[in-house]
J.: 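One structure, pasted below without further comment.
Nothing here was measured: the structure is a model prediction, and the numbers come from that model. FYI, side chains are in, hydrogens and waters are out, and symmetry mates aren't considered; it's all heavy atoms of this structure.
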Amino acid sequence: MIARHILPLAALLALAGCAAETFPERPEPAPSAPSFYTSMATPGARVDAQGAAEMISLYRGNHGLEPVAVDSGLMEEARRQAEAMSSADKLSHEVRGSLTDRLNRAGYAKSKAVENVSAGYHTVAEAFSGWRDSPPHNANMLASGMKRMGIAAVYNPRSKYHVFWALVMAN
């Protein structure tokens with residue numbers, strides 16, 4: 001009677017062994033953190049501009065405003081501003097001249113535009129939260145008519161801030 005149960009069990013175990021060899025179990029890929037949690041406090045780190053635009057657009061949408069799209073020219077302007085602040089080790093809207101003058105030189109004459117700059121935040125999520133919690137920065141993120149944006153973060157290991165941020169939005 002026992003032999004009658006052991007033989008089928010042995011056959012099942014043999015088949016299970018073959019199945020394991022034929023179809024090896026594949027580990028699930030480790031979930032990765034969303035890009036807005038990626039630290040910019042490392043050499044060569046790059047902001048996920050599309051992810052930042054989606055975050056800002058969602059926030060704007062929750063306030064009845066239109067979304068913003070990434071604009072290559074504004075990305076370049078934000079990068080230059082963040083690099084200038086990093087080089088000067090100074091948080092300033094004016095380190096390269098006024099926003100109006102900078103945008104005019106970049107070919108955005110007669111555009112309505114706003115700019116947020118900051119330093120010390122290591123991730124897009126931190127920068128966004130800091131801007132949202134600051135009334136003037138929040139007003140910029142919620143400025144009506146903004147349709148395009150550029151964002152940049154520049155790492156300076158010699159600075160007490162480590163990371164300098166610039167967000168430029170225009171109509």
Side-chain angles (χ1 to χ4, degrees), residues 28-100 102-104 106-108 110-157 159-171:
E28 289 291 318
S32 60
S35 64
F36 48 83
Y37 292 127
T38 300
S39 177
M40 298 294 110
T42 58
R46 310 254 333 158
V47 173
D48 174 6
Q50 187 58 47
E54 290 170 7
M55 179 187 293
I56 292 168
S57 292
L58 181 62
Y59 183 61
R60 290 173 58 80
N62 287 341
H63 290 84
L65 297 166
E66 61 279 347
V68 291
V70 175
D71 178 278
S72 61
L74 294 177
M75 287 293 295
E76 181 63 19
E77 180 52 39
R79 182 191 62 77
R80 286 181 182 155
Q81 182 66 13
E83 283 180 351
M85 290 187 302
S86 174
S87 293
D89 196 16
K90 179 180 180 181
L91 180 62
S92 169
H93 288 279
E94 305 291 324
V95 71
R96 293 180 47 243
S98 73
L99 176 61
T100 300
R102 288 184 278 127
L103 290 179
N104 285 343
Y108 291 89
K110 301 187 184 195
S111 289
K112 178 181 174 188
V114 295
E115 176 180 62
N116 283 352
V117 297
S118 60
Y121 300 118
H122 286 201
T123 68
V124 171
E126 290 174 0
F128 173 83
S129 292
W131 291 333
R132 185 194 59 217
D133 293 342
S134 161
H137 292 99
N138 190 54
N140 284 345
M141 287 198 303
L142 297 177
S144 65
M146 299 298 113
K147 294 182 170 74
R148 299 173 290 155
M149 65 156 273
I151 188 169
V154 173
Y155 174 57
N156 179 350
S159 170
K160 69 180 179 180
Y161 300 111
H162 296 289
V163 182
F164 289 83
W165 292 86
L167 168 69
V168 180
M169 296 181 3
N171 63 355

J.: If the condition is side-chain contact (heavy atoms from CB on, under 4.5 Å), which residues does Asn138 pass it with, not counting sequence neighbours?
T.: Tyr59, Arg132, Met141, Leu142

J.: Going by the rule side chain to side chain donor-acceptor pair (under 3.5 Å), which residues pair with Thr123 if we only count those two or more places apart in sequence or in a different chain?
T.: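 Applying side chain to side chain donor-acceptor pair (under 3.5 Å) to Thr123 gives none.
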
J.: Quick one: closest heavy-atom pair of Ser118 and Trp131, and the distance?
T.: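 Result for this residue pair: OG-NE1, 3.3 Å.
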
J.: For Val68, does its backbone N or O pair with a side-chain atom of Ser57 as donor and acceptor, under 3.5 Å?
T.: yes

J.: CZ of Arg79 to CD of Gln81: how many Å apart, nearest 0.5 Å?
T.: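 The distance works out to 11.5 Å.
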
J.: At what distance, to the nearest 0.5 angstrom, does NZ of Lys112 lie from CG of Leu103?
T.: 13.5 Å

J.: For Ala143, check side-chain contact (heavy atoms from CB on, under 4.5 Å) against everything at least two apart and list the hits.
T.: Val114, Met146

J.: Show every donor-acceptor pair shorter than 3.5 Å between a side-chain atom in residues 161-169 and any protein atom, with sequence neighbours excluded, or say none if there are none.
T.:
from: Trp165; atom 1: NE1; to: Tyr121; atom 2: O; distance (Å): 2.7

J.: Just grab all the side-chain hydrogen bond (donor to acceptor under 3.5 Å, both in side chains) pairs involving residues 141-154, residues at least two apart or on different chains.
T.: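 Found Asp71-Arg148.
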
J.: Identify, with sequence neighbours excluded, every residue that meets side-chain contact (heavy atoms from CB on, under 4.5 Å) alongside Ala88.
T.: Lys90, Val95

J.: What distance do Ile56 atom CD1 and Leu65 atom CG have between them, rounded to the nearest 0.5 Å?
T.: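 The distance works out to 12.5 Å.
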
J.: Determine, step by step, whether Val70 and Met75 satisfy the side-chain contact (heavy atoms from CB on, under 4.5 Å) criterion, reporting the C-alpha distance in whole Å, the side-chain angles of both residues, the deciding distance to 0.1 Å, and the verdict.
T.: CA-CA 7 Å; Val70 175; Met75 287 293 295; 3.7 Å; yes

J.: Suppose the criterion is salt bridge (charged side-chain N to carboxylate O under 4.0 Å, His left out): which pairs have a residue in residues 58-68, not counting sequence neighbours?
T.: Arg60-Glu66

J.: Provide the full list of salt bridge (charged side-chain N to carboxylate O under 4.0 Å, His left out) pairs with a residue in residues 42-53, sequence neighbours left out, each pair given once.
T.: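 For residues 42-53: none.
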
J.: Under the side-chain contact (heavy atoms from CB on, under 4.5 Å) rule, collect the residues that match up with Glu94, sequence neighbours excluded.
T.: Ser92, Ser98

J.: Suppose we screen for salt bridge (Lys or Arg N to Asp or Glu O under 4.0 Å). Which residues come up paired with Arg80, at least two apart in sequence or across chains?
T.: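 Testing Arg80 for salt bridge (Lys or Arg N to Asp or Glu O under 4.0 Å), a comparison that skips the adjacent residues, returns Glu76.
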
J.: Specify the closest pair of heavy atoms between Gly145 and Asn171, including all atoms of both residues, with the distance to one decimal.
T.: O-CB, 3.2 Å

J.: Keeping the roles fixed (side chain from Ser86, backbone from Ala82), state whether a donor-acceptor pair exists under 3.5 Å.
T.: no

J.: Please name all residues satisfying salt bridge (Lys or Arg N to Asp or Glu O under 4.0 Å) with Arg96, sequence neighbours left out, ordered by chain then number.
T.: Glu77

J.: If the condition is salt bridge (Lys or Arg N to Asp or Glu O under 4.0 Å), which residues does Glu115 pass it with, not counting sequence neighbours?
T.: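 Residues passing salt bridge (Lys or Arg N to Asp or Glu O under 4.0 Å) with Glu115: Arg102.
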
